[in-house]
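Here is the structure we will look at.
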Amino acid sequence: QVQLVESGGGSVQAGGSLRLSCVVSGYTTSSYCMGWFRQAPGKEREGVASIDADGTTTYADSVKGRFTISRDNAKNTLYLQMNSLKPEDTAMYYCVAEGAICDVVAGAAWPLWGQGTQVTVSS
């Protein structure tokens, strides 16, 4: 019954910004760890950011200072604000939930995945 639906992807020039959204149904964002992964063609999936039940956040070194993860529990929605985008940020971005460890760079399993939203950054 749990569904994660991403939106907000698109094409921008380097230095631009996008905000990704993930609407959750059959689940409450206030109760569980959630996060964002990304995957570029030919590359493995990479953890980007995560947020736990009390709001503590974790970021990949590659996005620190540029990306911000947040959630609106009343709307059951997770967000990823992406600023100062670089061509290397180009990837499919996935909303994820229920991480065994609430740290997207810790290597733990993430059972719930959305279908992704494409982000393309041109130079």
Side-chain angles (χ1 to χ4, degrees):
Q1 287 286 250
V2 177
Q3 300 284 334
L4 309 177
V5 181
E6 302 96 331
S7 63
S11 182
V12 298
Q13 293 186 332
S17 298
L18 287 171
R19 189 176 77 160
L20 307 184
S21 298
C22 172
V23 178
V24 181
S25 62
Y27 190 92
T28 174
T29 57
S30 65
S31 299
Y32 300 100
C33 175
M34 298 191 70
W36 293 91
F37 274 71
R38 65 186 181 185
Q39 186 171 28
K43 297 184 178 179
E44 295 183 352
R45 287 173 176 166
E46 174 189 20
V48 176
S50 51
I51 184 167
D52 70 11
D54 67 4
T56 300
T57 57
T58 303
Y59 296 94
D61 288 342
S62 59
V63 307
K64 286 181 179 177
R66 300 188 299 121
F67 291 11
T68 303
I69 188 170
S70 63
R71 63 185 170 200
D72 184 333
N73 291 329
K75 296 181 179 179
N76 232 29
T77 302
L78 180 74
Y79 301 99
L80 184 68
Q81 178 67 46
M82 305 184 295
N83 298 326
S84 301
L85 283 162
K86 304 174 181 180
E88 49 264 47
D89 295 318
T90 295
M92 185 73 74
Y93 283 72
Y94 298 91
C95 177
V96 297
E98 297 190 349
I101 299 173
C102 207
D103 182 340
V104 294
V105 300
W110 290 81
L112 302 178
W113 290 69
Q115 295 188 33
T117 185
Q118 179 67 39
V119 172
T120 302
V121 185
S122 60
S123 61

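Position 1 is the first residue of the sequence; numbering continues from there.
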Set of residues satisfying salt bridge (Lys or Arg N to Asp or Glu O under 4.0 Å) with respect to K43, sequence neighbours excluded: none

Residues at least two apart in sequence or cross-chain that pass salt bridge (Lys or Arg N to Asp or Glu O under 4.0 Å) with R66, listed by chain then number, are D89

M82 and V12: CA distance, side-chain angles, deciding distance, side-chain contact (heavy atoms from CB on, under 4.5 Å) verdict: CA-CA 11 Å; M82 305 184 295; V12 298; over 6 Å; no

With clusters built from Ile, Leu, Val, Met, Phe, Trp and Tyr whose side-chain heavy atoms come within less than 4.5 Å, directly or transitively, what are the remaining members of the cluster of Y79, listed by chain and number? none

Can any side-chain N or O of [X] pair as donor or acceptor with the backbone N or O of [Y] at less than 3.5 Å?
X: Q81; Y: T68; answer: no
X: T90; Y: V121; answer: yes
X: Y59; Y: G65; answer: no
X: T117; Y: G9; answer: yes
X: E6; Y: G116; answer: yes

Is the count of non-hydrogen atoms from other residues, nucleotides or ligands lying under 6.0 Å from E44 atom CD greater than 12? no

So for atom CD, which belongs to Q115, do other residues, nucleotides or ligands contribute more than 12 heavy atoms lying within a distance under 6.0 Å? no

Calculate, to the nearest 0.5 Å, the distance between atoms [atom1] and [atom2] belonging to [X] and [Y] respectively.
X: I69; Y: T56; atom1: CD1; atom2: OG1; answer: 11.5 Å
X: C22; Y: R71; atom1: SG; atom2: CZ; answer: 11.5 Å
X: T58; Y: D103; atom1: OG1; atom2: CG; answer: 4.5 Å

Whether W110 and F37 hold their rings parallel, tilted or perpendicular, with breakpoints at 30° and 60°: perpendicular

Between E88 and S62, is there a side-chain heavy-atom distance shorter than 4.5 Å? no

Can you confirm whether R38 sits close enough to V63 that some side-chain heavy atom of one is under 4.5 Å from a side-chain heavy atom of the other? yes

Can you find a side-chain donor-acceptor pair between N83 and S17 that sits under 3.5 Å? yes

Determine whether the aromatic ring centres of Y94 and W113 lie less than 6.0 Å apart. yes

CA sep, side-chain torsions, deciding dist, call: V104, E46, side-chain contact (heavy atoms from CB on, under 4.5 Å): CA-CA 8 Å; V104 294; E46 174 189 20; over 6 Å; no

Result for side chain to side chain contact (heavy atoms under 4.5 Å, CB included) between V23 and one of N76, T77, L4 points to T77

Could you go through L78 and V24, starting from their C-alpha distance and side-chain angles, then the distance that decides it, and tell me whether this counts as side-chain contact (heavy atoms from CB on, under 4.5 Å)? CA-CA 8 Å; L78 180 74; V24 181; 5.5 Å; no

Do you reckon W36 sits in the same ILVMFWY cluster as I101, going by side-chain contacts under 4.5 Å, direct or chained? no

Please find the pair of heavy atoms, one from S50 and one from C102, that lie closest to each other, and give the distance. OG-O, 3.7 Å

